[in-house]
Amino acid sequence: MTTSPERLARLARQHIETTRLLGVDFVPVAVRTRQHSDKAAALAALRAEHDATCPHCTNATAHTQTVFGDGDPNAALMFVGEAPGAEEDRQGVPFVGASGKKLNEMIKAMGFDRTTVYIANVLKARPPDNATPTPDEAAKCGPFLARQIDIIQPAVIVTLGKPAVSYLLDTRETMTNLRGRWFEYRGIPVMPTFHPAFLLRQYTPENRAKVWSDLKAAVERLQSLGRMPPQQGKFS
Ligand code: URA
């Protein structure tokens, strides 16, 4: 019998409540689980812990629900964005609005299906007026992203926009200086690229070419790591 994510989250929440009643104020989460179901369970437990304890999201006021992440817990490729927008807040799923449509195109052009990658954000609660996450907000919610990455252990991370790369690499460098270059986050190769919303706002041939070049580099890296069969993508 398979256990649904909702049931896993409910069990995890009950577990947290029970351990709290017993005076325990932390929840151990397996860091390097291997099986898909183990990773799904670890993510469900982390999600419940996040929703109960995140110092940013439990005090946020502009959201109706948290948006934890979406995709395959065993994904080789992980995308990290900024924060949920209005549509993401409505559906509880990251990147399902206009930026999400562009991201889906990018994922497809790379030769992936959205269900085979994993997508998360630095902040898991929608900021008021879609404001850009501040470093202070990222510092509060970001540790949960770090633990998501620890569980998933993707082969490659593509960061979308400045807040994601600033948080993961702890840098204040500009996107112009960062995009298109390889970095490492806890041993995982990181390719920073522009946010799909930026691409939609400034849809120039130059910007499209830059993003496609970054995504191609990620594909090549995955292929060299044996995590993706050789194939060609097409990005418009
Ligand atoms: N922009 C993001 O950075 N994340 C989302 O989930 C949606 C839009």
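Both ligands and their constituent atoms are indexed starting at 1 by order of listing. FYI, side chains are in, hydrogens and waters are out, and symmetry mates aren't considered; it's all heavy atoms of this structure.
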#### Entry: Per atom 8 (C) of ligand 1, closest listed option by heavy atom (A83, G100, P94, P84)
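Closest candidate by heavy-atom distance is A83.
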
### Task
With atom 1 (N) of ligand 1 as the reference point, say which of E87, K102, E82, H195 has the nearest heavy atom.
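Looking at heavy atoms only, H195 sits closest to atom 1 (N) of ligand 1.
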
### Query
Quick one: nearest non-hydrogen protein atom to atom 4 (N) of ligand 1, plus distance?
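Protein heavy atom at minimum distance: N121 OD1, 2.8 Å.
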
### Residues T204 and N207: side-chain donor-acceptor under 3.5 angstrom
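Their side chains do contain a donor-acceptor pair, which is all the 3.5 Å distance test asks for.
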
Please determine if [X] and [Y] form a salt bridge, counting it only when a charged side-chain N lies under 4.0 Å from a carboxylate O.
X    : Y    : answer
E137 : K140 : no
E87  : R90  : yes
K124 : D51  : no

### Task
Please determine if G85 has a nitrogen or oxygen closer than 3.5 Å to a nitrogen or oxygen of ligand 1.
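No, there is no polar N/O contact under 3.5 Å.
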
### Task
Determine, using ring centers only, whether H56 and F144 are less than 6.0 Å apart.
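Distance test on ring centres: not under 6.0 Å, no.
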
### Task
Record the part of E88 in heavy-atom contact with ligand 1 below 4.0 Å; permitted values are side chain, backbone, both and neither.
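Under 4.0 Å from ligand 1, E88 contributes side-chain atoms alone.
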
#### Entry: Proximal atoms of ligand 1 relative to G81 (non-hydrogen, under 4.0 Å)
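Answer, ordered by atom number: 3 (O).
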
